[in-house]
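One is the number of the first residue; the rest follow in order along the sequence. Since the model is a prediction, treat every value here as computed from it, not as a measurement. Every heavy atom of this structure was used, including side-chain atoms; hydrogens, water molecules and symmetry mates were not.
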Amino acid sequence: IGIISGINPIIFSKLLGLISYVVISIVGWRFLRSRYNKLSAYAFAVIFAVDHYTSNWFMSGMETALFSLVIFSSIILFLTGREVSAGVLAGLSLYFRQEGGFLLLLIFLKSKRKRNLIPGIMIAAAFFLLCQWFYGFPLPYSIYAKTSQSSLSLSGILESGYHFANSIIREPFPVFLSIFAPWTLLSILLFPAVIFLSYFVLGTPVFFWYYAPYYPLIFLVAATGLSRLSEAMKPKFRKFFIVALLIFMTLGV
């Protein structure tokens with residue numbers, strides 16, 4: 001699109017990443033502000049803003065930011081009862097990264113009116129048909145390229161396990177805070193959990209940008225966990241705890 005519009009593709013892709021970053025911040029803030037409380041809304045905005053790992057990959061010019069925006073928006077729509085729109089975005093997410101199929105499956109399993117997801121399923125089916133027509137396989141070559149590097153040997157699993165553990169170690173506080181979140185939100189982490197686990201089990205060499213699109217979801221859940229945890233504290237310790245925690249996150253401790 002950038003090339004067609006006469007815009008430098010590098011600048012265009014970075015601008016798209018910045019827009020996605022801002023939109024996710026606004027969408028997450030508004031959702032938490034209306035459904036939970038101001039503390040969780042501001043906590044999400046701050047955690048997302050100061051997380052330098054995620055911001056680096058959002059501005060990398062890769063598909064990371066746009067894919068993250070699509071899956072994040074899909075989940076917010078689903079949580080607010082707009083299942084048709086959520087399913088459509090989940091179906092479209094496959095065109096950015098094929099892991100989006102897991103999101104469509106999760107939404108389908110959690111949906112109480114599964115026929116609402118028919119448009120999204122049709123969009124996903126069209127993706128597989130296009131791949132079959134273009135590649136001669138139902139999935140793009142990028143999937144086969146990744147799986148060709150897979151190693152189910154002990155060394156391969158250990159390497160994948162290292163990347164998996166590192167993805168958590170990089171974000172220890174959000175992962176910890178997510179434990180205290182309500183199940184309604186905590187359950188959405190089944191989506192990235194399945195993907196992370198599949199990388200590990202297949203012994204696929206992975207890097208942090210594989211994980212980066214899912215961290216806004218973790219931050220969303222962590223923000224509600226922070227709010228609930230602080231509510232259990234005495235008022236005189238609450239502000240100190242929140243400020244100290246956010247400072248630690250800002251410093252990347």
Side-chain angles (χ1 to χ4, degrees), residues 1-5 9 12-13 16-17 19-20 23-24 27 57-58 60-152 160 187-207 209-214 216-217:
I1 296 176
I3 295 175
I4 295 175
S5 304
F12 179 81
S13 61
L16 195 60
I19 293 172
S20 299
V23 172
I24 288 175
V27 170
W57 289 114
F58 268 54
S60 66
M62 300 171 70
E63 82 290 343
T64 305
L66 194 56
F67 176 66
S68 186
L69 173 61
V70 172
I71 61 174
F72 188 88
S73 301
S74 175
I75 286 178
I76 295 297
L77 287 169
F78 181 76
L79 291 174
T80 52
R82 288 169 282 186
E83 293 189 357
V84 176
S85 299
V88 167
L89 282 183
L92 288 173
S93 71
L94 274 81
Y95 293 79
F96 301 99
R97 275 199 192 181
Q98 291 67 61
E99 297 98 311
F102 287 109
L103 174 60
L104 185 59
L105 176 60
L106 175 63
I107 290 177
F108 180 81
L109 293 175
K110 290 176 65 66
S111 173
K112 295 180 180 179
R113 301 187 64 185
K114 301 191 186 309
R115 62 182 179 181
N116 287 338
L117 301 179
I118 292 177
I121 293 172
M122 292 177 65
I123 291 173
F127 168 79
F128 294 117
L129 290 174
L130 283 171
C131 287
Q132 180 66 41
W133 171 74
F134 188 81
Y135 296 108
F137 299 99
L139 292 172
Y141 282 141
S142 59
I143 294 294
Y144 296 99
K146 289 179 180 178
T147 55
S148 67
Q149 302 176 60
S150 300
S151 173
L152 296 179
S160 182
S187 63
I188 69 176
L189 295 187
L190 291 173
F191 166 47
V194 168
I195 294 171
F196 294 2
L197 185 62
S198 65
Y199 287 151
F200 173 70
V201 171
L202 292 174
T204 304
V206 293
F207 306 95
W209 63 83
Y210 285 26
Y211 297 105
Y214 309 104
L217 295 175

Should [X] and [Y] count as side-chain neighbours, where that means a heavy-atom distance under 4.5 Å?
| X | Y | value |
| --- | --- | --- |
| Ile71 | Phe191 | yes |
| Arg97 | Thr64 | yes |
| Phe128 | Leu94 | yes |

Over all heavy atoms of both residues, which pair between [X] and [Y] is shortest? Give the atoms and the distance, please.
| X | Y | value |
| --- | --- | --- |
| Ala86 | Ser74 | O-OG, 2.7 Å |
| Gly17 | Ala65 | CA-CB, 3.6 Å |
| Lys114 | Ser111 | NZ-O, 3.0 Å |
| Val70 | Phe96 | CG2-CE1, 3.8 Å |

Check: Phe127 ring centre within less than 6.0 Å of Tyr95 ring centre:
yes
For Phe108, run the side chain to side chain contact (heavy atoms under 4.5 Å, CB included) check against Leu103, Asn116, Ile121 and tell me which one passes.
Ile121
Between [atom1] of [X] and [atom2] of [Y], what distance do you get to the nearest 0.5 Å?
| X | Y | atom1 | atom2 | value |
| --- | --- | --- | --- | --- |
| Leu117 | Lys110 | CG | NZ | 12.5 Å |
| Ile107 | Phe102 | CD1 | CZ | 14.0 Å |
| Leu104 | Ile123 | CG | CD1 | 9.5 Å |
| Ser187 | Ile75 | OG | CD1 | 9.0 Å |
| Leu69 | Ser20 | CG | OG | 4.5 Å |

